[in-house]
Amino acid sequence: MFFIFGLRTRVTRSGVVTAVCRHCGNQAAQVVSRRSTKFTLFFVPLIPIRSRYVRQCSFCGAESVVDADEARRLPVG
């Protein structure tokens, strides 16, 4: 008998915010997305392991982790 298990990360886009980038300092569009990692058994996601919000600059491509509260407060459009 064998088991097929692993981790799967799903990225969902929350929206786009125009803000100053923390890395390059330019006013640019920031893509806010949620990354959730789950434990999978036979390719079925079962147990959530980690969830975090990331903001990526469209100008330089740098990513920065955002708190969940801050991600909910951002004026996403």
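The shown structure was predicted, so the numbers you read here are calculated from the model rather than taken from an experiment.
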Using atom types as modelled, flag every donor-acceptor pair under 3.5 Å from a side chain in residues 3-11 to any protein atom, sequence neighbours excluded.
| residue | atom | partner | partner atom | Å |
| --- | --- | --- | --- | --- |
| Thr9 | OG1 | Thr37 | OG1 | 3.2 |

Task: Lys38 to Pro48 - nearest heavy-atom pair and separation - done: CG-CA, 3.8 Å
Task: Test side chain to side chain contact (heavy atoms under 4.5 Å, CB included) applied to Val31 and Arg13, step by step - done: CA-CA 7 Å; Val31 179; Arg13 184 174 165 181; 4.0 Å; yes
Open item on the list: Side-chain heavy atoms nearer than 4.5 Å, only ILVMFWY residues, links allowed to pass through others: does that put Leu41 and Ile49 together?
Closed with: yes
TODO: Of all the heavy-atom pairs spanning Ala19 and Gln30, show the shortest one and how long it is.
DONE: O-NE2, 3.6 Å
Task: Candidate pair Ser36 and Arg50, rule side chain to side chain donor-acceptor pair (under 3.5 Å), full reasoning - done: CA-CA 6 Å; Ser36 56; Arg50 178 171 61 167; over 6 Å; no
Per-pair distances, 0.1 Å, donor-acceptor, side chain in residues 52-72, under 3.5 Å, sequence neighbours excluded:
| residue | atom | partner | partner atom | Å |
| --- | --- | --- | --- | --- |
| Ser58 | OG | Ala29 | O | 2.9 |
| Glu63 | OE2 | Arg35 | NH2 | 3.0 |
| Glu70 | OE2 | Arg22 | NH2 | 3.2 |

Open item on the list: Around atom CZ of Phe42, are there more than 12 heavy atoms from other residues, nucleotides or ligands closer than 6.0 Å?
Closed with: yes
